[in-house]
There are 2 protein chains.
Amino acid sequence: MKPEAYPPTNAPLLEHLNDVIGTLRASERKVAQLVADNPTFVMNATMAGVAEAAGVSEPTVMRFCTSLGFAGFQQFKISLAQTLALGIPATLSTIGRDDAIEVLITKVFDHTMSSLDRARRFLDPAAVDRAVNAIIASTSLTFAGLGASALIGLDAEQKAALFGVPCSAPSDPHQQFMAASTARPTDVIIAISNTGRTKSVVQVAKTARTNGATVIGMSGEDSPLLAHCDIPLVVKTIEDTDIHTPTVSRLAGLVVIDILATAVALRRGKDHMDKLTAMKEGLLRFRRDD
Amino acid sequence: MKPEAYPPTNAPLLEHLNDVIGTLRASERKVAQLVADNPTFVMNATMAGVAEAAGVSEPTVMRFCTSLGFAGFQQFKISLAQTLALGIPATLSTIGRDDAIEVLITKVFDHTMSSLDRARRFLDPAAVDRAVNAIIASTSLTFAGLGASALIGLDAEQKAALFGVPCSAPSDPHQQFMAASTARPTDVIIAISNTGRTKSVVQVAKTARTNGATVIGMSGEDSPLLAHCDIPLVVKTIEDTDIHTPTVSRLAGLVVIDILATAVALRRGKDHMDKLTAMKEGLLRFRRDD
DNA sequence: CGGCGTACCTAGTAAAACTACATCAATCCG
DNA sequence: CGGATTGATGTAGTTTTACTAGGTACGCCG
């Protein structure tokens with residue numbers, strides 16, 4: 001039993017197809033093959049069209065749909081359309097050397113969007129809620145991460161106005177450790193590492209915690225880092241098995257920061273929001289002159 | 001004539017609906033209302049069902065579909081399903097103060113994904129292709145941007161290995177200007193500004209260009225910045241009219257950087273890719289010890 | 001070699017989508 | 001103010017589509 005219980009929307013159909021293709025009958029497999037090879041055609045085609053293209057009869061197409069658990073061909077088509085809206089899953093369409101630039105653009109965007117979709121499904125709302133409460137109760141925020149994770153911290157630093165407390169994102173591991181060492185119970189430390197195994201970041205989390213600070217951890221999976229955090233946030237993305245596929249974890253991390261910042265700002269109430277609006281307008285005027 | 005010629009997939013249907021709802025006939029408007037209020041129902045319903053629920057006749061539903069430019073009800077339903085897969089567009093579902101955390105998470109993710117989808121539609125592949133060629137022909141890359149746009153540059157800097165040339169992303173406007181002033185014809189400057197009106201960034205682009213360097217511009221819309229660039233890249237996102245909606249432009253910018261980096265790396269050939277693989281493996285070992 | 005069961009197709013049916021036409025209402029001009 | 005004309009909407013009919021029931025061929029085991 002996989003740990004994949006996608007609550008909001010339907011399961012990634014094309015992936016599922018690959019899993020069950022072995023259990024299907026011979027003719028149904030022809031249909032499955034057609035769907036995998038040419039999903040766009042199937043989406044727009046009629047049952048008869050699919051039957052002919054796959055070289056089978058209409059009832060076989062029908063059985064194929066019911067075998068997958070759909071009520072009928074229509075439902076299947078709707079579901080397929082939904083899957084295709086996010087693009088063909090990147091796991092199926094790896095990036096090749098001779099891809100045209102249009103194809104590359106599509107694939108990278110699709111991969112990113114599919115990954116974000118997955119991140120959403122796996123993100124635990126209860127943990128996010130606890131993180132928001134912790135931030136609201138805090139007097140300062142410190143972000144710790146290296147490489148791409150450092151970038152997430154820098155982004156959060158720019159959102160300090162939304163958070164409503166001083167934010168710092170030291171880039172140097174030593175500085176991060178120093179901040180953790182001098183942390184006070186009202187401080188919140190957000191430790192970020194996609195692998196969750198970057199030693200210095202784990203060390204920062206441990207140290208901050210012994211000082212009584214609240215530690216929020218962000219990681220791509222259950223990991224040593226999260227074990228040493230008060231509030232673990234799992235930001236799961238589609239794994240980059242291939243060098244060709246770009247790192248998407250930082251994007252999901254940025255979105256989570258967006259969520260935290262937005263939630264915190266909203267809970268701080270109307271006064272806070274008014275100040276933000278004023279700030280945004282001021283920034284617009286400022287921008288014209290610099 | 002609007003500048004909406006979405007090449008790859010269908011238009012953001014529900015948004016489009018709001019635009020044209022005024023031009024529809026009275027009964028058709030009832031259908032539009034139903035679609036807006038209860039899109040999920042319409043997606044799964046039959047024509048007769050929709051007609052009854054909207055309190056109109058079937059041909060009216062049909063006319064509604066054709067008025068929107070669809071061949072028929074089926075096509076409309078497919079298109080609606082696609083739109084719904086990305087979630088209800090954030091422009092329709094603004095974030096409210098009393099939203100539960102689950103709702104907030106969904107909305108922010110949806111908003112982000114919808115925006116990325118839009119960015120993809122508007123991105124010009126030919127311009128990307130030219131940018132890739134320019135980078136391959138260059139001896140160094142410099143990124144210039146402020147605020148969130150600076151972050152995009154920093155991310156690109158981390159991808160220097162993929163680009164295969166020295167990358168720098170000075171954070172200070174003065175440093176950026178200095179880099180532009182001393183730029184040589186073989187250098188590529190990437191000027192980033194979502195508004196495309198940040199004066200210092202525009203100045204950097206101008207200066208670099210007079211020195212004969214190739215200037216790539218990234219902006220959310222056609223703007224003064226792009227006018228002063230050799231290669232304009234429009235990275236369009238859903239506009240943030242509301243303070244509640246987080247800035248998504250930086251995410252789209254990051255994805256575009258991903259695309260550029262990936263394309264460049266692929267074109268550099270096998271040797272380059274092998275080096276990258278070796279680097280990645282080395283980084284994994286390095287990470288365990290730090 | 002013969003019966004049984006599965007896999008698949010042929011043919012038929014019900015229902016859905018789509019079309020042609022008629023009616024009603026509103027508007028504009030005499 | 002009344003009649004005509006245009007255009008919006010519903011009624012009824014036609015075609016296409018999805019779905020179902022039954023039958024045939026093929027493989028497998030006794």
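Computed from a prediction, not measured in an experiment: that's the story for all the values here. Just so it is clear: chains get the letters A, B, ... in the order the sequence lines come, proteins before strands, and each one is counted from 1. Computed from heavy atoms alone, side chains included, the values below leave out hydrogens, waters and symmetry copies.
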Do NZ/NE/NH1/NH2 and the carboxylate oxygens of [X] and [Y] come within less than 4.0 Å?
X      : Y      : result
A:D117 : A:R120 : yes
A:D155 : A:R250 : no
B:R267 : B:D129 : yes

Rounded distance in Å - [atom1] ([X]) to [atom2] ([N]):
X     : N      : atom1 : atom2 : result
A:E58 : D:dT17 : CD    : P     : 9 Å
A:Q74 : C:dA15 : CD    : P     : 15 Å
A:F64 : D:dT20 : CZ    : P     : 17 Å
B:F73 : C:dA15 : CZ    : C1'   : 14 Å
B:L24 : D:dA8  : CG    : C1'   : 13 Å
B:F70 : C:dA17 : CZ    : C1'   : 16 Å
A:R25 : C:dC9  : CZ    : P     : 12 Å
B:N44 : C:dA16 : CG    : C1'   : 16 Å

Look at the side chain of [X] and decide which nucleotide, out of [options], has an atom nearest to it.
X     : options                : result
B:M47 : C:dA17, C:dT10, C:dA20 : C:dA17
A:R63 : D:dA8, C:dC9, D:dT20   : C:dC9
A:M62 : D:dT20, D:dT9, D:dT17  : D:dT20
B:P59 : D:dA12, D:dT9, C:dT10  : D:dA12

Please tell me if [X] has a side-chain N or O lying less than 4.0 Å from either OP1 or OP2 of [N].
X     : N      : result
B:S27 : D:dT9  : yes
B:S57 : D:dT11 : no
A:T60 : C:dC9  : yes
B:T46 : C:dA15 : no

Problem - Whichever of B:G72 and A:G55 has its nearest DNA chain C nucleotide further upstream toward 5' - result: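 Residue closer to the 5' terminus by nearest nucleotide: A:G55.
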Problem - Close side-chain approach of B:Q75 to B:S79, heavy-atom, < 4.5 Å - result: no
Practice task
Give a yes-or-no answer on whether the side chains of B:S67 and B:E28 include a donor-acceptor pair shorter than 3.5 Å.
Solution key: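 Side chains of B:S67 and B:E28: pair found under 3.5 Å.
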